[in-house]
Amino acid sequence: MAKGLDKHMERKSIVTSFGKDLARRSKSTCELCGTKNVKLSVYEVPPVEEEPVFENCLFLCDDCIKILNNIKKSQENELRFLGDSMWSEVPLVKATSIYVLEQIKDRYHWANEMLENAYLDEETLEILGRIK
Ligand SMILES: [Zn+2]
C-alpha cells in the first residue's frame with residue numbers, strides 16, 4: 001500500500017517536472033485552444049504509460065482537459081479551435097486534435113470537412129494509432 005502511494009507520488013512529481021519544458025513548448029498558451037493567461041496543467045494523453053513520457057503530454061487549460069475527459073459531452077462551440085490546432089507543429093497536439101475531430105465528425109458536418117482537409121504525416125498517424 002505504502003509502496004503504491006510512493007509510486008504514485010513519484011509519478012506525479014515526474015509529470016509535474018515536465019511543466020517547465022511544456023511551458024516553453026507551448027509559450028504558456030493552451031496547446032489546443034490557444035488561450036493565454038490561464039492556468040495550464042500537464043495532461044497525459046491516454047493510454048498512460050507506467051513511466052510518464054514527455055512526448056505523451058500536453059499543456060492544457062481546464063476547459064480543454066474537461067473536453068478531452070468527456071468528448072461526448074462537449075458543446076459544438078467549444079470545439080471550433082480544432083480547426084487551428086489540427087495544423088499544430090507539435091505532433092501530439094495535431095494527433096489529439098484529429099482524434100477529437102474523428103469522435104465528433106458524425107455530429108458536426110464541419111468536423112468532417114476539416115478531417116477531409118487534414119494532412120496526416122507518418123508521425124501523426126503513428127500517434128493516432130496509439131491513442132485509439
Ligand atoms: Zn484550452
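In each ligand, atom 1 is the first atom listed, and ligand 1 is the first ligand listed.
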Can you find a pair of side-chain heavy atoms, one from Leu101 and one from Trp110, that are under 4.5 Å apart?
yes
For residues Ile104 and Leu79, determine if any side-chain heavy atom of one lies less than 4.5 Å from a side-chain heavy atom of the other.
yes
Sorted by chain and residue number, which protein N/O/S atoms are under 2.8 Å from the Zn ion (ligand 1)?
Cys30 SG, Cys33 SG, Cys61 SG, Cys64 SG
Just wondering, are more than 12 heavy atoms of other shown residues or ligands nearer than 6.0 Å to CD in Glu76?
yes
When Glu49, Glu50, Glu51, Glu44 are each screened for salt bridge (charged side-chain N to carboxylate O under 4.0 Å, His left out) with Arg11, the one that passes is Glu44
Has Arg80 got its NZ or CZ under 6.0 Å from the middle of the six-membered ring of Tyr108, at an angle within 45 degrees of the ring axis?
no
Is it the case that more than 12 heavy atoms not belonging to Asn70 sit under 6.0 Å from its CG atom?
yes
